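Quick note on labels: first sequence line is chain A, next is B, and so on, each numbered from 1. This structure is a prediction, so every number in the text was calculated from the model and none was measured.
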Number of protein chains: 2
Amino acid sequence: MPKQELLAEVIDALCCMPGVGPKSAQRIALHLFQRDRGGAENLAKALQMAVDRLGLCKKCRTLCEHELCDLCASSKRDPQVICVVESPADVWLINQATNYTGVFFVLNGRLSPLDGIGPDEIGLDKLEQQLESSQITELILATNSTVEGEATAHYIAQLALPYKVKVSRIAHGVPVGGELEFIDSTTLAHAFSGRRNIE
Amino acid sequence: MPKQELLAEVIDALCCMPGVGPKSAQRIALHLFQRDRGGAENLAKALQMAVDRLGLCKKCRTLCEHELCDLCASSKRDPQVICVVESPADVWLINQATNYTGVFFVLNGRLSPLDGIGPDEIGLDKLEQQLESSQITELILATNSTVEGEATAHYIAQLALPYKVKVSRIAHGVPVGGELEFIDSTTLAHAFSGRRNIE
Ligand SMILES: [Zn+2]
Ligand SMILES: [Zn+2]
């Protein structure tokens, strides 16, 4: 509705955020430019800097501005145990909820053939390289317990078979159909410690 | 929680938006940088361009990237009738809901002495200049019917007294305590046409 082009562009651009429709985008844009121009500028610069410099950790594929993320670079983490998760948020959640000391591998997604998301799109070629070249002792599959998360875990378990590595799946303390992000840390800790081997 | 500084900065910066807390900011940031980097860049650029170039219309104070907004620059609008509103959103709403052909004056706020928002902060000095120098025939007070919106309307009515201009207030079709933004256009049209003079 606004004739002002710049404001209309901001409102359009805000709609790229999940949960923000045209109506709330308008409210946000007016709030920013009527009352918090500093916040708008701050957000513009933070986004632009992240666009320019945020990449994936060379080893675990978490979002990261350095070659290696803090966890992969840390000498305190056991590089022989890899926990596979869908999202960087899951890395934070598991680190908070458990006393896990291994490293992670972040898929940044899950297998979804209908959307054109195959193994390479979620970095499984890189995971396989690590299985080949490093002495991995355990692979913990901590993808969501959604249909696609389960299928992805199953696929990775198959992938790992030739490498004779112990493969486990976090226990179903996680409600079936649920996403890790919405689960309290006690449940998550139980699910994590109650993980079972995949034969 | 994230150790990655750039991502943490984006998450912090997103919290300047109304309705966005740390949890949804995290979800938005991950969505953007996992799945819609183009959207993030687009948003960064739109915000920055608006920060750099979006100002207030010299005449009506609506958010606008030119000296004069489209409505003030239009020869089809009657410059002798001014409708005073709190927000640019109200300009769009009234233009959609009514057949109003006058111009607007946008307060970008409302009187709120406790927050340090006095007459000058909402541009009433400029409105008074217009009352002095132009032949205004009618002033329509379309501020929200909240306590502060009513107080602001009352203040402006007093301000206009010496200029012998017809001053009207939009009718209470608008629910008392309600904000224009959340009202259907039929109600708004009734409230607008049923406006009454302020003696
Ligand atoms: Zn890493
Ligand atoms: Zn204008």
More than 12 heavy atoms from other groups under 6.0 Å of [atom1] on [X]:
X         : atom1 : value
Lys23(A)  : NZ    : yes
Glu67(A)  : CD    : no
Glu132(B) : CD    : yes
His31(A)  : NE2   : yes
Asn99(B)  : CG    : no

Side chain / backbone / both / neither for Asp36(B) at chain A, heavy atoms under 4.5 Å: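 Asp36(B) touches chain A through side-chain heavy atoms alone.
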
Engaged part of Arg35(B) at the chain A interface, taking heavy atoms whose separation is under 4.5 Å: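 The answer is the side chain of Arg35(B).
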
Where do [X] and [Y] come nearest, in terms of heavy atoms and distance?
X        : Y        : value
Leu6(A)  : Ala50(B) : CD1-CA, 4.3 Å
Gln34(A) : Ser87(B) : NE2-CA, 3.7 Å
Gln26(B) : Ala89(A) : NE2-CB, 3.3 Å
Gly39(A) : Cys16(B) : O-SG, 3.6 Å

Please examine the side chains of [Y] and [X], heavy atoms only from C-beta on, and report whether any two atoms are closer than 4.5 Å.
X        : Y        : value
Leu54(B) : Arg37(A) : yes
Leu32(A) : Leu47(B) : yes
Met17(A) : Val20(B) : no
Gln48(A) : Gln48(B) : no

About how many Å separate [atom2] of [Y] and [atom1] of [X], when rounded to the nearest 0.5 Å?
X        : Y        : atom1 : atom2 : value
Leu43(B) : Leu43(A) : CG    : CG    : 5.5 Å
Glu9(A)  : Asn42(B) : CD    : CG    : 8.0 Å
Leu56(B) : Phe33(A) : CG    : CZ    : 12.0 Å

Donor-acceptor under 3.5 Å (Arg27(A) side chain, Pro18(B) main chain):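 Between the backbone of Pro18(B) and the side chain of Arg27(A) there is no qualifying donor-acceptor contact (under 3.5 Å).
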
Co-membership, hydrophobic cluster, residues Leu111(A) and Val147(A), 4.5 Å side-chain: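 Cluster IDs for Leu111(A) and Val147(A) differ.
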
Single-linkage hydrophobic cluster Val103(A)~Tyr163(A), side-chain heavy atoms < 4.5 angstrom: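 Yes; tracing contacts between hydrophobic side chains, which count when under 4.5 Å, links both residues.
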
Pairs of heavy atoms under 4.5 Å with chain A: top-ranked of Leu30(B), Val91(B), Asn95(B), Asp12(B):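 Option with the top pair count is Leu30(B).
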
Structural part of Glu86(A) lying under 4.5 Å from a heavy atom of chain B: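 Backbone of Glu86(A) only, per the 4.5 Å heavy-atom cut-off to chain B.
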
